[in-house]
Amino acid sequence: MKQTVLIAEDEEILREISKNYFVNEGYEVLEAGDGEEALELFGRHPVDLIILDIMMPRRDGWDVCRQIRKQSAVPIIMLTARSDEEDTIQGFELGADDYVTKPYSPKILLARAKRLLQQRTQPAPKDDGALTTGGLQLNLGARTVKVAGKDVSLTHTEFEILSYLMLNENMVISREQLIIKIWGYEYQGDERSLNTHIRNLRSKLGTCAGMIKTIVRAGYKFEGPS
């Protein structure tokens with residue numbers, strides 16, 4: 001079955017160019033010219049990934065991202081016309097998984113999208129893929145997280161970070177290692193983006209937040225209760 005990508009971009013030429021790249025790679029593509037249309041399409045069709053421009057009429061990308069995150073952890077790539085790091089941080093705080101700055105190469109956008117989609121559909125381990133430490137349970141196959149038996153909704157990137165740390169429990173993972181694991185070698189952002197994801201992740205883990213340790217000048221470590 002083909003994976004479906006929703007491209008929300010008000011500049012028709014850019015949207016059409018991006019669409020052609022994805023269609024040529026075998027993806028189904030839904031197109032939205034504004035934020036309201038993007039939400040309408042998302043509500044009517046199963047979507048595997050969203051490419052979301054920030055500056056759009058009717059509803060901007062911030063608002064669309066906020067609304068989608070109330071109901072779905074679908075991967076979201078934000079498009080920004082500015083290289084302002086504050087835009088990037090704001091997007092990540094709202095739950096975006098990645099961002100690309102305009103003007104951009106459609107090949108780079110396609111590569112970033114493929115990486116997110118591959119992470120999302122990678123095969124689960126041969127066992128049930130369950131990692132349990134203290135009151136925290138993560139299931140790699142089902143991509144679910146529970147804290148004290150209650151479901152916790154994580155974005156795609158937050159899940160990837162947590163699973164990587166839990167799979168390497170008690171090992172110090174550098175920020176560079178995490179960035180390469182999550183976004184790849186081509187990532188152009190700074191470490192503040194990763195810090196934002198870690199902060200958001202901790203806030204969602206509640207009583208288990210302390211299991212993610214910050215190791216000064218080294219990185220992060222997942223450490224369950226002794």
Handout entry: CG on Leu138 to SG on Cys208, rounded to 0.5 Å
Key = 11.5 Å
Practice task
Drop me the distance from Thr157's OG1 to Leu201's CG, to the nearest 0.5 angstrom.
Solution key: 11.0 Å
Exercise for the section: Grab the two heavy atoms, one from Ser163 and one from Leu131, that are nearest each other, plus how far apart they are. Expected result: O-CD1, 4.5 Å
Practice task
Please report the closest heavy-atom contact between Lys146 and Asp151, naming both atoms and the distance.
Solution key: NZ-OD1, 2.6 Å
Exercise for the section: State yes or no: do Ile215 and Leu178 share one hydrophobic cluster built from I, L, V, M, F, W and Y residues joined by side-chain heavy-atom distances below 4.5 Å, directly or via other members? Expected result: no
Exercise for the section: Check whether Val172 and Ile182 end up in the same hydrophobic cluster, where Ile, Leu, Val, Met, Phe, Trp and Tyr are linked by side-chain heavy atoms less than 4.5 Å apart. Expected result: no
Practice task
Kindly indicate whether the side chain of Val100, heavy atoms from C-beta on, has any atom under 4.5 Å from the side chain of Ile51.
Solution key: no
Practice task
Would you mind reporting whether Lys70 and Gln67 have side-chain heavy atoms less than 4.5 Å apart?
Solution key: yes
Handout entry: Check: Tyr220/Asn168 side-chain N/O donor and acceptor closer than 3.5 Å
Key = no
Handout entry: Close side-chain approach of Gln3 to Leu49, heavy-atom, < 4.5 Å
Key = no
Problem - Pair Thr214-Ile198, side chain to side chain contact (heavy atoms under 4.5 Å, CB included): steps then yes or no - result: CA-CA 10 Å; Thr214 297; Ile198 293 289; 5.5 Å; no
Problem - Any side-chain heavy-atom pair of Phe42 and Val64 under 4.5 Å - result: no
Exercise for the section: Apply salt bridge (charged side-chain N to carboxylate O under 4.0 Å, His left out) to the pair Glu158 and Arg202, showing each step before the final yes or no. Expected result: CA-CA 10 Å; Glu158 290 163 358; Arg202 282 173 169 154; over 6 Å; no
Practice task
Return the minimal non-hydrogen interatomic distance between Phe159 and Thr144, and the atom names on each side.
Solution key: CE1-N, 3.8 Å
Completion exercise
Heavy atoms of Asp97 and Val74 approach each other most closely as OD2-O, 3.8 Å
Handout entry: Test item: Asn195 and Arg175 side chains (from C-beta on) under 4.5 Å apart, heavy atoms
Key = yes
Problem - Contact check, side chains of Ile108 and Arg112, non-hydrogen atoms, under 4.5 Å - result: yes
Practice task
Give a yes or no on whether the backbone of Phe92 and the side-chain of Asn200 come within a donor-acceptor separation of less than 3.5 Å.
Solution key: yes
N/O donor-acceptor pairs under 3.5 Å from side chains in residues 4-14, not counting sequence neighbours:
unit_1: Glu9; atom_1: OE1; unit_2: Lys102; atom_2: NZ; d: 2.9
unit_1: Glu9; atom_1: OE2; unit_2: Glu11; atom_2: N; d: 2.9
unit_1: Glu9; atom_1: OE2; unit_2: Lys102; atom_2: NZ; d: 3.3
unit_1: Glu11; atom_1: OE2; unit_2: Lys102; atom_2: NZ; d: 3.4

For residues 22-33, dump all side-chain donor-acceptor pairs below 3.5 Å to protein atoms at least two apart in sequence or in another chain.
unit_1: Asn24; atom_1: ND2; unit_2: Asn20; atom_2: O; d: 3.1
unit_1: Glu25; atom_1: OE1; unit_2: Lys114; atom_2: NZ; d: 2.8
unit_1: Glu31; atom_1: OE1; unit_2: Arg15; atom_2: NE; d: 3.1
unit_1: Glu31; atom_1: OE2; unit_2: Lys19; atom_2: NZ; d: 3.0

Practice task
For the residue pair Leu39 and Ile68, establish whether any side-chain heavy-atom pair is separated by less than 4.5 Å.
Solution key: yes
Problem - Spatial distance of atom CG (Leu52) from atom CD1 (Ile76) [nearest 0.5 Å] - result: 6.5 Å
Problem - Whether Arg58 side chain and Glu36 backbone form a donor-acceptor pair below 3.5 Å - result: no
Handout entry: The single option from Thr133, Ile161, Leu167 passing side-chain contact (heavy atoms from CB on, under 4.5 Å) against Phe222
Key = Thr133
Problem - Euclidean distance, Leu194 CG relative to Arg199 CZ, rounded to 0.5 Å - result: 11.0 Å
Exercise for the section: Would you name the heavy atoms of Leu79 and Asp53 that are closest together and state the gap between them? Expected result: O-OD1, 3.2 Å
Problem - Short side-chain to backbone donor-acceptor contact, Asn139 and Ala142, under 3.5 Å - result: yes
Exercise for the section: Quick one: closest heavy-atom pair of Glu169 and Gly224, and the distance? Expected result: OE2-N, 3.4 Å
Handout entry: Close side-chain approach of Arg69 to Thr155, heavy-atom, < 4.5 Å
Key = yes
Practice task
Using a strict 4.0 Å threshold on nitrogen-to-oxygen distance, state whether Arg66 and Glu93 make a salt bridge.
Solution key: no
Exercise for the section: Could you grab the distance from atom CG of Leu116 to atom CD1 of Ile77, nearest 0.5 Å is fine? Expected result: 5.0 Å
Practice task
Given side-chain hydrogen bond (donor to acceptor under 3.5 Å, both in side chains), test Ser18 with Tyr104 step by step and report yes or no.
Solution key: CA-CA 10 Å; Ser18 298; Tyr104 59 84; 3.1 Å; yes
Practice task
Can you measure from CD (Glu16) to OH (Tyr21) and round to the nearest 0.5 angstrom?
Solution key: 13.0 Å
